J.: 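One structure follows; several queries about it will come next.
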Amino acid sequence: MSDRLYIFDTTLRDGEQVPGCQLNTIEKIQVAKALEQLGVDVIEAGFPISSPGDFSSVIEISKAVTWPVICALTRAVERDIDVAFEALKYAKYKRIHTGIGTSDEHILYKFSSTREEILERAVAATRYAKRYVDDVEFYCEDAGRTDNEYLARVVEAVIKAGATVVNIPDTTGYCLPQEYFEKIKYLKEHVDDIDRAIISTHCHNDLGMATANTFNGVMAGARQVEVTINGIGERAGNTSLEEIAMILKCHKGLGIETNVNTQKIFPTSRLVSSLMNMPIQPNKAIVGRNAFAHSSGIHQDGVLKNVQTYEIMDPKDVGIDDNSIVLTARSGRAALKHRLHMNGVDLEEEKLDKIYEKFLNLADQKKEVTDADVLMLAGADTADAHAVRLDFLQVTTGKGVKSVASIGLDISGQKFEAAASGNGPVDAAIKALKKIIMKQMTLKEFTIQAISKGSDDVGKVHMQVEYDGQLYYGFGANTDIVTASVEAYIDCINKFKK
Ligand code: KIV
Ligand code: ZN
């Protein structure tokens with residue numbers, strides 16, 4: 001058994017099925033190129049028969065990337081397979097991914113059929129796909145709820161018909177980790193010639209067990225995992241690529257390797273999130289904003305003494321430059337001292353004690369204390385840190401009218417004004433701001449949340465702006481969400497290093 005684990009990325013097929021998160025072909029090409037750089041082995045580029053858009057995306061992705069296998073999904077239907085092969089014509093390495101539901105629920109309610117008939121259709125589809133390509137993957141949809149004995153018969157039959165990879169999806173995210181382990185083990189032990197094919201996992205996250213199930217599948221002998229960036233996908237999503245890649249990197253003793261260049265994880269995650277307009281939950285493993293942020297005093301003290309006290313991974317290994325220690329009311333002196341040091345201020349213990357008291361008072365009022373705040377506490381010159389302030393903002397917007405914004409900024413005491421129109425009030429306001437601050441900056445992430453409930457609630461805006469090759473994070477809060485958005489943008493600008 002090979003100890004190389006193949007990464008099959010389905011961000012552009014299963015991941016893209018999330019309602020409201022569809023990508024256009026250009027955006028899909030961007031993601032596909034990032035996946036190639038990340039080092040995935042297979043890119044599932046789409047379901048060509050499902051729409052002309054999917055068909056042309058598979059064609060264009062095939063042209064745009066070289067090394068990964070390009071895979072196209074089909075049902076166990078000849079016409080689907082014809083169209084998939086047509087869409088794959090420019091792919092250097094092609095795979096057809098065909099299959100059918102094998103659980104009794106699917107056989108009975110979806111197909112009004114019988115186990116024997118489904119087995120025949122599975123074999124016929126595999127043979128048909130095999131006429132076009134060598135690399136045929138067969139999926140047993142809802143394998144998670146399929147009786148193991150019958151599943152083994154289907155797997156054995158499709159391998160005999162030429163399937164090179166057999167996918168065992170837990171389509172509904174129902175399996176328990178031990179159950180999924182036993183399922184793969186059962187197939188390994190009961191299917192003749194099982195080693196002629198690679199067994200693949202494909203786990204959904206309905207009960208939050210996708211990663212655990214995938215990992216257990218690998219422990220039982222699966223050597224391909226079907227995953228998505230940020231775990232996106234229908235309902236609760238699919239297994240996260242980044243979680244599986246980092247589990248195997250952190251647990252080298254398992255002796256299972258992938259081709260993933262883990263330092264590309266973070267930028268790829270942010271790319272997918274921003275193109276799909278899907279914010280990443282702050283506490284998401286590996287790629288969440290807080291994944292490496294230590295906020296309690298004990299943790300911060302430990303991390304500053306030696307990162308190994310509380311960190312099992314180096315943030316740099318996933319492409320994050322620096323672990324951000326968030327300063328809150330629970331932070332200790334060591335964290336404050338470190339933050340001041342990072343800002344070029346080194347203090348004697350006595351002065352630090354005094355500032356620490358002030359810091360605690362401030363932290364009681366503010367959820368998070370920023371660099372500018374600690375510099376102010378230390379009496380350092382903060383003129384630059386808060387160089388830009390919003391003086392006023394006026395926006396006209398509504399249905400059937402073009403949004404227009406006028407903005408007034410105070411930049412280090414000097415007043416500036418500008419106006420612009422845009423595609424919505426936030427766009428208009430930011431365009432007006434950019435007429436005053438003419439820096440090459442790009443909005444990368446933009447999320448609006450209400451703090452509690454009700455139409456008079458304060459809106460919180462989180463933004464990420466890219467400037468000079470770096471990402472800056474900004475925050476704004478206001479009952480007017482357009483003002484909150486501009487304040488978050490300005491917060492980013494005030495953090496620019498030059
Ligand atoms: O979840 C699933 O069963 C699938 C198959 C179509 C592979 O996505
Ligand atoms: Zn799926």
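Owing to the predicted nature of the structure, the values given are computational and were not obtained by experimental measurement. Counting starts at 1 for both ligands and their atoms, following the listed order. Each residue takes its place number in the sequence, starting with 1.
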J.: Counting from 1, what ligand 1 atoms have a heavy atom of N167 closer than 4.0 Å?
T.: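 Atoms satisfying the 4.0 Å criterion: 7 (C).
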J.: Taking the inter-plane angle between the rings of H190 and Y186 on a 0 to 90° scale, is it parallel (under 30°), tilted (30 to 60°) or perpendicular (over 60°)?
T.: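 H190 vs Y186 ring planes: parallel.
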J.: Are the charged groups of R95 and E44 less than 4.0 angstrom apart, N to O?
T.: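 No.
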J.: Can you name the atoms of ligand 1, numbered from 1 with element, that are less than 4.0 Å from a heavy atom of E141?
T.: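 Selected atoms, number and element: 3 (O).
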J.: State whether a side-chain donor-acceptor pair under 3.5 Å links S200 with E226.
T.: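 Looking only at side-chain atoms, E226 and S200 do form a donor-acceptor pair, the distance falling under 3.5 Å.
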J.: Examine the proximity of ligand 1 to T10 and report which part, side chain or backbone, both or neither, has a heavy atom under 4.0 Å away.
T.: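 Neither part.
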J.: Distance under 4.0 Å to a non-hydrogen atom of R13: what atoms of ligand 1 satisfy this?
T.: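 That gives atoms 4 (C), 5 (C), 6 (C), 7 (C), 8 (O) of ligand 1.
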J.: Identify, by atom number and element, the atoms of ligand 1 in contact range of P169, meaning under 4.0 Å from any of its heavy atoms.
T.: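 Every atom of ligand 1 under 4.0 Å from some heavy atom of P169: 2 (C), 3 (O).
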J.: At under 4.0 Å between heavy atoms, is it the side chain or the backbone of D14 that contacts ligand 1, or both, or neither?
T.: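 For D14, only side-chain atoms sit under 4.0 Å from ligand 1.
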J.: How far is atom 4 (C) of ligand 1 from its nearest protein heavy atom, and which residue and atom is that?
T.: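 That would be H202 NE2, 3.5 Å.
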J.: Give me the residue, atom name and distance of the protein heavy atom closest to atom 3 (O) of ligand 1.
T.: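 In this structure, atom 3 (O) of ligand 1 has T171 OG1, 2.7 Å as its nearest protein heavy atom.
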J.: Using the six-membered ring of F111, assess whether NZ or CZ of R121 lies under 6.0 Å from its centre and within 45 degrees of the ring axis.
T.: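 Because its charged atom sits under 6.0 Å from the ring centre and within 45° of the axis, R121 does stack over F111.
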J.: Examine the proximity of ligand 1 to H204 and report which part, side chain or backbone, both or neither, has a heavy atom under 4.0 Å away.
T.: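 Only the side chain of H204 comes within reach of ligand 1.
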J.: Would you say I493 and V465 make side-chain contact, with heavy atoms under 4.5 Å?
T.: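 They are not in side-chain contact.
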J.: For S103 and D142, test the side chains for any donor-to-acceptor distance below 3.5 angstrom and give the result as yes or no.
T.: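 Judged by distance alone, the side chains do pair up.
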J.: Heavy-atom count check: over 12 atoms from other residues, nucleotides or ligands less than 6.0 Å from Y174 OH?
T.: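 Open.
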J.: Check this for me: does any side-chain nitrogen of one of D170 and R145 sit under 4.0 Å from a carboxylate oxygen of the other?
T.: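 Salt bridge: no.
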J.: Are any of the side-chain heavy atoms of L275 and Q30 separated by less than 4.5 Å?
T.: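 Yes, their side chains come closer than 4.5 Å.
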J.: Could you tally the protein N/O/S atoms lying less than 2.8 Å away from the Zn ion (ligand 2)?
T.: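 Count of protein N, O, S atoms less than 2.8 Å from the Zn ion (ligand 2): 3.
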